[in-house]
Amino acid sequence: MSSSTHSSSVEGRLRGDDGLVVLTYQPLDPAQIILSVQDDAAGAIAVFVGTTRNSFQGKFVTHLQYESYTKLALKTMADILRAARTTSDAVLHSVIYHRLGDVPVGQPSIVVAVSSPHRREAFVACEMILEEVKKKAQIWKREYYEGEGDELAQWKTNVH
């Protein structure tokens, strides 16, 4: 696995009135992240856990590598949480955790969690946050394939 990182790909976190956003090289713990949005007023917690899959278009994937422009990515993700709360005042708590560096097959690379009094609002907000992160956050992924050197690893857009 490649361990090179871009100089601006550093860990960071930003907590605001609208939630918490985190970029980290550490493995993500979905259960702990879910606990962070629990609230006695919440009747629902919607969660998305994106993991590294083992194949892409017939090639075996060994791992993904994420890089970011951390300072800007944190601000962008915080803005996304703010927009989610503005769209639905039913959002109680929301968080985005995203991995940096190498993420082996089967491990989470992103966790989005949202609590709300009702399931519909939680699901809608969770999906909106995920899709906006994929479209807007300054985070890039590179896919590494079995039997191919690092020079053949492919940078991918985060839109799919």
Side-chain angles (χ1 to χ4, degrees), residues 5-56 61 63-143 155-160:
T5 58
H6 192 272
S7 61
S8 60
S9 288
V10 296
E11 290 188 319
R13 64 179 40 230
L14 182 60
R15 180 179 295 281
D17 292 339
D18 300 303
L20 172 68
V21 296
V22 177
L23 291 170
T24 182
Y25 285 96
Q26 302 306 311
L28 302 180
D29 182 347
Q32 285 299 115
I33 295 168
I34 291 167
L35 286 174
S36 75
V37 299
Q38 282 188 322
D39 189 297
D40 288 344
I45 296 175
V47 181
F48 175 83
V49 179
T51 59
T52 301
R53 64 177 171 263
N54 66 359
S55 64
F56 181 76
V61 174
H63 68 285
L64 299 178
Q65 183 183 70
Y66 289 91
E67 292 185 2
S68 75
Y69 178 11
T70 299
K71 187 174 181 179
L72 189 54
L74 289 171
K75 181 187 178 312
T76 299
M77 292 191 299
D79 289 345
I80 291 166
L81 292 185
R82 186 172 306 106
R85 181 163 275 180
T86 302
T87 302
S88 172
D89 59 0
V91 171
L92 297 172
H93 303 287
S94 55
V95 296
I96 305 166
Y97 279 71
H98 203 298
R99 282 283 300 270
L100 296 174
D102 294 337
V103 182
V105 169
Q107 286 195 11
S109 53
I110 185 171
V111 178
V112 176
V114 178
S115 62
S116 174
H118 305 285
R119 68 182 175 272
R120 181 166 173 29
E121 292 87 348
F123 279 128
V124 168
C126 188
E127 183 177 30
M128 176 265 195
I129 291 167
L130 174 67
E131 295 304 328
E132 290 296 297
V133 167
K134 291 173 72 91
K135 281 188 234 174
K136 296 178 179 177
Q138 295 76 11
I139 301 169
W140 304 278
K141 84 177 167 185
R142 193 172 184 195
E143 210 164 56
W155 288 103
K156 302 282 186 169
T157 61
N158 251 347
V159 180
H160 297 21

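Start at 1 with the first residue, then count along the sequence.
- Donor-acceptor pairing under 3.5 Å is lacking for the side chains of S68 and Q138.
- Distance check: H93 NE2 to L81 CG gives 12.5 Å after rounding to the nearest 0.5 Å.
- With rounding to the nearest 0.5 angstrom, the CG atom of L20 is 9.0 Å from the CD1 atom of I96.
- A distance of 12.5 Å separates CZ of R99 from CD1 of I139, quoted to the nearest 0.5 Å.
- Judged by distance alone, the side chain of R85 and the main-chain N or O of L92 form a donor-acceptor pair under 3.5 Å.
- Closest approach of T76 to K136, counting heavy atoms only: CG2-O, 3.6 Å.
- To the nearest 0.5 Å, atoms CG (L23) and CZ (R13) are separated by 10.5 Å.
- Annotation for E11 and T24: closest pair OE2-OG1, 2.7 Å, computed over non-hydrogen atoms.
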With a cut-off of 3.5 Å and sequence neighbours excluded, list every side-chain donor-acceptor pair involving residues 40-49.
none

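- Looking at heavy atoms from C-beta onward, K141 lies out of side-chain contact with V103 at the 4.5 angstrom threshold.
- Between the T52 side chain and the H63 main chain, no donor and acceptor come within less than 3.5 Å of each other.
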Passes side-chain contact (heavy atoms from CB on, under 4.5 Å), T70 versus L74? Steps please. CA-CA 6 Å; T70 299; L74 289 171; 3.8 Å; yes

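- What you find for A113 and I33 is that their closest heavy atoms are CB-CG2, 4.3 Å.
- E132 has a carboxylate O that lies under 4.0 Å from a charged side-chain N of K135, or vice versa, which qualifies the two as a salt bridge.
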Please report, to 0.1 Å, the donor-acceptor pairs under 3.5 Å made by any side chain of residues 118-128, with sequence neighbours excluded.
none

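- The two residues S36 and V95 make their nearest non-hydrogen contact at OG-CG1, 3.8 Å.
- Between the CG atom in L100 and the OH atom in Y25 there is a gap of 5.0 Å [rounded to 0.5 Å].
- Atom CH2 of W155 is separated from atom CD of E67 by 3.5 Å, given to the nearest 0.5 angstrom.
- Using a distance-only test at 3.5 Å, with no hydrogens or angles considered, a donor-acceptor pair links the side chain of S116 to the main chain of A90.
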